[in-house]
Amino acid sequence: MSNSGSTEGFAFKGLENVQENIDFRLSKVSRPRTQQLDQNLSCQLGGFISHEGNHQEDDKKKQPPVEPEPIYVSSLRQFPDVNSLEAQIEFKKGDERNPVNYSNFLKWVITLVGCAFSVLAASTSASYNMGFPSMMTDLNCSEFQATIGLSVYALGFAVVPLVSSSLSEELGRRPLYIGSLIGHILMHLMVALSKNIQTVIVARLLAGGFGSTGAVMVGGTIADIWRPHERSLPMSIYSLAAVGGTGLGPAVAGWVELNPRLQWRWIQWIHMILTGAVLLLVIVLMKETRSTIILTRLARKLRKETGDKRYRARAEDEEGSLSTLILISCTRPVYLLTTEPTVLSISVWLGFAWGILYCILESNGSIFKALHEFDQGQIGLTFLGLTIGSFIGFLTNIYQEMLYRKHFPTRGPEARLYAACGMGIVFPIGMFIYAWSAFPHVPWVALVIGMTVIVSAAFTIYLAAFTYLADCYGPFASSASAGQSLLRNLFGMAFPLFSQQMFAALTYKWGNTLFALIAVFMIPTPFILFVYGPYIRSRSKFASKILEQKDS
């Protein structure tokens, strides 16, 4: 090897001894050729299109060149033999380039900047509703048409993470944050300048897609930089931002709507300004947190410095071939959702709770206006019940963390589910309170109390889903969360579209009672995972493979 000094501080390992976490669906033949490794994405895309369109027959006649056995860059431990093929470039113990070894200060900066994006993405979903009265007048649209803008925002949240979260695992977190925030800003601009409801709906769909990065990828970022035993508090703060932020937006937007000089368009302008501020924070303060991306950059640098094309990161076996990247990155979340019972069951449970939350967002204004004659500013303040409920869930997690630390050595990831089991019972209780407070003679605060109980339980369920999946699926936490997000936000999209008709037919009392009964039916979900989770994972192809790699 030339320029051996360039390799100082690393160790090396050959292909057969690599235990790096990688999608087990990949085979050795799917590895990229050496000339593909340092191509940028545009070159790979051009070659991919050209290959598919013009050279399929020629390629059948050509024999692939013999490729040198790769020397992998990974992140485990150091080996002393630098010149052996049975070696692998790795981070040294305590290497500050490894995201898990970032300083606590930097970890908290990254976490809080990501959570700021989560607050904006969540508040945007709900503050939009507060502008319905002036929007309906200005754009001459119906309430149902305006409600579609709420539902398609959730649809964007559901679909886009199938691509963006997995791509963040291949291309890096930081570029996705920056691109998503720029897109989110442009969509606020599009809504604010809209001349018809159709433009609003399209912009809201795209805004949901860009905003989904703040709702989903932050969980993956936290999993990147915090070890499992450190993860509970950062995940709690993230969940507080993602759920509690839903109540902050309407509390302010209701008063903006009441001001005749501002109204619905200024709700969008304010959000756009705040999103721009978060974009600046990301550019200045956010570092890359995906270790495989950092290792890929190190491998690329070593290839350039040494001239030895054998150096590669294990992750480049997914990244180098664009066709493989498209297949694996875009299908992994759906694959996990449809083949992993753990992901599916907790996603259905959380999805129902999320659908209820979106039902409250859509119907809460009508309930308080019809029963208690509230104006838009007062209605917006009632949404603070969502924030208060989230804060109660946050405090609940302090006790959950004590239980986790005590029982993790014996229970494993299932130690994340103690509070979720309790709140699974509290959730339908809150639904019954909310349902049977829907009378004019019952004080309005009873509705807010019911809403607060519902959200405190939903928050705990939400947090348990993210932390539990992060523990179970490790480096693929973002993909597991994206699969969960797909189902969760499909529920969020669907519920507002039928809730108006349901409440008109059944009344608020009986419609919400029906939801409460369904919630009772779902109480066993966390208990089943708590008792049978290890067995379910051991029978699962993907989870068991990750478990084997952890144990090796």
> Ile429 versus Tyr434: any side-chain heavy-atom pair under 4.5 Å?
Replying inline: no
> Checking Gln268 side chain against Val191 main chain: does a donor-acceptor pair fall under 3.5 Å?
Replying inline: no
> Does a donor on one side chain and an acceptor on the other come within less than 3.5 Å for Thr382 and Asn364?
Replying inline: yes
> What distance separates Asn140 CG from Gln145 CD, expressed to the nearest 0.5 Å?
Replying inline: 8.5 Å
> Do you know which two heavy atoms are closest between Leu361 and Ser125, and how far apart they sit?
Replying inline: CD1-OG, 4.5 Å
>> So, taking the atom named CD1 in Ile454 and the one named CD1 in Ile449, what distance separates them when rounded to the nearest 0.5 Å?
In response: 12.0 Å
> Shortest non-hydrogen contact from Phe157 to Gly208?
Replying inline: CD1-O, 3.1 Å
> Under 4.5 Å between any side-chain heavy atoms of Leu155 and Asn489, yes or no?
Replying inline: no
>> Strictly below 4.0 Å, N to O, side chains only: are Glu373 and Lys369 in salt-bridge contact?
In response: no
> Which heavy atom of Gly114 sits nearest a heavy atom of Val218, and at what distance?
Replying inline: O-CG2, 3.4 Å
> Is it true that the side chains of Tyr468 and Glu414 contain a donor and an acceptor less than 3.5 Å apart?
Replying inline: yes
>> Applying salt bridge (Lys or Arg N to Asp or Glu O under 4.0 Å) as the test, list every pair that has at least one member in residues 248-259; sequence neighbours left out.
In response: none
>> Here's a test for you: under salt bridge (Lys or Arg N to Asp or Glu O under 4.0 Å), which of Arg411, Arg227, Arg231 qualifies with Asp471?
In response: Arg231
> Which distance, rounded to the nearest 0.5 Å, do you find between the CD1 of Ile270 and the OG1 of Thr124?
Replying inline: 11.5 Å
>> Testing the basics here: between Ile536 and Pro341, what is the closest heavy-atom pair and its distance to 0.1 Å?
In response: CG2-CB, 3.8 Å
> Does the side chain to side chain contact (heavy atoms under 4.5 Å, CB included) test come out yes or no for Phe368 and Val448, once each step is laid out?
Replying inline: CA-CA 10 Å; Phe368 279 96; Val448 176; 3.9 Å; yes
> Quick check: are there more than 12 heavy atoms from other residues, nucleotides or ligands sitting under 6.0 Å from OH of Tyr532?
Replying inline: no
> If you look at every heavy atom in Val119 and Ala241, which pair is closest and at what distance?
Replying inline: CG2-CB, 3.5 Å
> Do any pairs count as a salt bridge (Lys or Arg N to Asp or Glu O under 4.0 Å) and have a residue in residues 503-526, sequence neighbours left out, and if so which ones?
Replying inline: none
> Is it true that a side-chain atom of Ser456 and a backbone atom of Gly389 form a donor plus acceptor pair closer than 3.5 Å?
Replying inline: no
> Step by step, would you call Trp264 with Tyr128 a side chain to side chain contact (heavy atoms under 4.5 Å, CB included)?
Replying inline: CA-CA 8 Å; Trp264 72 278; Tyr128 165 81; over 6 Å; no
>> Can you classify the ring geometry of Phe515 versus Phe498 as parallel (below 30°), tilted (30 to 60°) or perpendicular (above 60°)?
In response: tilted
> Which distance, rounded to the nearest 0.5 Å, do you find between the CE of Met136 and the OG of Ser142?
Replying inline: 7.0 Å
> What's the verdict on ring pair (Phe, Tyr, Trp, His ring centres under 6.0 Å) for Trp226 and Trp108, showing C-alpha distance, side-chain angles and the deciding distance?
Replying inline: CA-CA 10 Å; Trp226 297 98; Trp108 277 115; 5.0 Å; yes
> For Thr221 and Tyr238, what are the C-alpha separation, side-chain angles and deciding distance, and is it a side chain to side chain donor-acceptor pair (under 3.5 Å)?
Replying inline: CA-CA 11 Å; Thr221 299; Tyr238 160 54; over 6 Å; no
> Quick check: does any side chain N or O of Ser239 sit under 3.5 Å from a backbone N or O of Ser236, one acting as donor and the other as acceptor?
Replying inline: no
> So, are Arg265 and Asp138 salt-bridged, with charged N and O less than 4.0 Å apart?
Replying inline: yes
> Going through the checks in order, is the side chain to side chain contact (heavy atoms under 4.5 Å, CB included) test met by Phe352 and Leu487?
Replying inline: CA-CA 9 Å; Phe352 175 74; Leu487 203 58; over 6 Å; no
>> In the structure I gave you, are the side-chain heavy atoms of Met522 and Val348 within less than 4.5 Å of one another anywhere?
In response: yes
> Taking the six-membered ring of Tyr153 as reference, does the NZ or CZ atom of Arg204 fall below 6.0 Å from its centre and within a 45° cone about the axis?
Replying inline: yes
> Can you tell me how far the CG atom of Leu181 sits from the CD1 atom of Ile283, to the nearest 0.5 Å?
Replying inline: 8.5 Å
>> Test side chain to side chain contact (heavy atoms under 4.5 Å, CB included) on Leu285 and Ile110; report intermediate values, then the result.
In response: CA-CA 7 Å; Leu285 301 176; Ile110 293 171; over 6 Å; no
> Does the side chain of Leu344 reach to within under 4.5 Å of the side chain of Thr338, using non-hydrogen atoms?
Replying inline: no
> Are the side chain of Glu340 and the backbone N or O of Thr342 linked by a donor-acceptor pair below 3.5 Å?
Replying inline: no
> Can you name the closest pair of heavy atoms from Arg537 and Cys472 and give their distance?
Replying inline: CD-SG, 3.6 Å
> Which class fits the ring pair Tyr418 and Phe530: parallel under 30°, tilted 30 to 60°, perpendicular over 60°?
Replying inline: perpendicular
>> Please check: side-chain N/O of Ser499 versus main-chain N/O of Pro496, any donor-acceptor pairing under 3.5 Å?
In response: yes
>> For the backbone of Gly211 and the side chain of Ser180, can you confirm whether one donor and one acceptor N or O come within less than 3.5 Å of each other?
In response: no
> Between atom CG of Leu336 and atom CD of Gln484, what is the distance when rounded to the nearest 0.5 Å?
Replying inline: 12.0 Å
>> Does any part of the side chain of Trp266, heavy atoms only, come nearer than 4.5 Å to the side chain of His271, both counted from C-beta?
In response: no
> Between Trp349, Tyr462, Phe427, Phe491, which is the residue that forms a ring pair (Phe, Tyr, Trp, His ring centres under 6.0 Å) with Trp354?
Replying inline: Tyr462
>> Under a 3.5 Å cutoff, is there a donor and acceptor pairing between the side chains of Ser194 and Thr199?
In response: no
>> Using side-chain heavy atoms (C-beta onward) and a distance below 4.5 Å, is Ile197 in contact with Met135?
In response: yes
> Would you say the side-chain atoms of Arg174 pair up with the backbone N or O of Met286, donor to acceptor, closer than 3.5 Å?
Replying inline: yes
> Where the side chain of Lys107 meets the backbone of Val100, is there a donor-acceptor pair that is under 3.5 Å apart?
Replying inline: yes
> Testing Leu120, Thr275, Leu193 for side chain to side chain contact (heavy atoms under 4.5 Å, CB included) with His188, which one passes?
Replying inline: Thr275
>> Going by side-chain hydrogen bond (donor to acceptor under 3.5 Å, both in side chains), name the residues that satisfy it together with Trp444, two or more places apart in sequence or in a different chain.
In response: none
>> Any non-hydrogen side-chain atom of Asn397 less than 4.5 Å from a side-chain atom of Thr460?
In response: no
> Within a reach of under 6.0 Å around CZ of Phe105, are more than 12 heavy atoms found that belong to other residues, nucleotides or ligands?
Replying inline: no
> More than 12 foreign heavy atoms under 6.0 Å from CZ of Phe391: is that the case here?
Replying inline: no
>> Could you go through Phe503 and Trp510, starting from their C-alpha distance and side-chain angles, then the distance that decides it, and tell me whether this counts as ring pair (Phe, Tyr, Trp, His ring centres under 6.0 Å)?
In response: CA-CA 8 Å; Phe503 289 137; Trp510 290 111; over 10 Å; no
> With a 4.5 Å heavy-atom cut-off, do Met130 and Val256 have their side chains touching?
Replying inline: no
